[in-house]
Amino acid sequence: MTPPSHLDGARVLAWAWSDLPFGHVADAHGAGPVAIHGLAVCRYGDEAQVYRFSCDAQWETVQDEVYAGEDEARKQLPAQYRAVAAAWHGS
C-alpha cells in the first residue's frame with residue numbers, strides 16, 4: 001500500500017509496507033499493542049536530518065525517530081520491527 005506524499009507534514013523520501021506487521025509498539029498513551037505495517041523515511045522542509053515514521057495500517061504515524069541521513073534511517077531498524085524484512089521503495 002503506497003503512502004501519501006507527506007506524513008505529519010513531512011515529505012516521504014522512502015517507504016516500506018507489509019501486510020503482515022513489521023512489529024508492534026505501544027501507542028502514544030501507553031496502550032497497545034499497535035501493529036506497524038508501514039515504515040517511512042521523511043524530511044521536513046530543508047532540514048538536514050530525516051525521520052523514520054512507524055505507521056499503522058492506515059499510514060497514521062505511531063512513533064518517530066530522528067536520523068542524520070536516509071541510509072541510516074533505513075538500516076537501523078529496532079529489533080521489534082524485524083518480524084518481516086523491510087523492502088524499501090523510493091518516493
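Considering only heavy atoms from C-beta on, H89 stays 4.5 Å or farther from T2 through its side chain. Side-chain contact between S54 and D64: absent, with no pair of heavy atoms (C-beta onward) separated by less than 4.5 Å.
Rounding to the nearest 0.5 Å gives a distance of 11.0 Å between CD of Q49 and CD of E65. One finds the CE atom of M1 at 9.5 Å from the CG atom of D19 (value rounded to the nearest 0.5 Å).
A donor-acceptor pair is defined here as one N or O able to donate and one able to accept, closer than 3.5 Å; no such pair exists between the side chain of R11 and the backbone of G45. Under a 3.5 Å cut-off, the side chain of Q76 and the backbone N or O of E72 do not form any donor-acceptor pair. Side-chain atoms of S18 come within 3.5 Å of backbone N or O of L20 as a donor-acceptor pair.
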For R52 and L77, run side chain to side chain contact (heavy atoms under 4.5 Å, CB included): C-alpha distance rounded to whole Å, both residues' side-chain angles, the deciding distance at 0.1 Å, then the answer. CA-CA 9 Å; R52 188 194 58 245; L77 292 179; 3.6 Å; yes
Go through it in stages, so that I can follow the logic: the residues are V50 and C42, the test is side chain to side chain contact (heavy atoms under 4.5 Å, CB included), and I'd like the CA-CA distance, side-chain angles, deciding distance and then a yes or no. CA-CA 6 Å; V50 298; C42 302; over 6 Å; no
Can you check side chain to side chain contact (heavy atoms under 4.5 Å, CB included) on V41 and R74, steps first, answer last? CA-CA 7 Å; V41 178; R74 288 184 190 206; 4.2 Å; yes
Should L39 and F22 be marked as a side chain to side chain contact (heavy atoms under 4.5 Å, CB included) after you check the CA-CA gap, both sets of side-chain angles, and the distance that decides it? CA-CA 9 Å; L39 300 170; F22 290 110; 3.8 Å; yes
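When all heavy atoms are compared, the tightest approach of V12 to P3 is CG1-CG, 4.2 Å. Closest approach of A14 to E70, counting heavy atoms only: CB-OE2, 3.5 Å. Scanning all heavy atoms of the two residues, the minimum distance from H24 to A35 falls at CD2-CA, 3.5 Å. Annotation for H37 and A57: closest pair CD2-CB, 3.7 Å, computed over non-hydrogen atoms.
The only option from V84, D56, V62 that meets the side chain to side chain contact (heavy atoms under 4.5 Å, CB included) definition with I36 turns out to be V62.
Applying the ring-ring contact (aromatic ring centres under 6.0 Å, His included) definition to pairs two or more places apart or across chains, those involving residues 48-84 are W17-W59, Y44-Y51.
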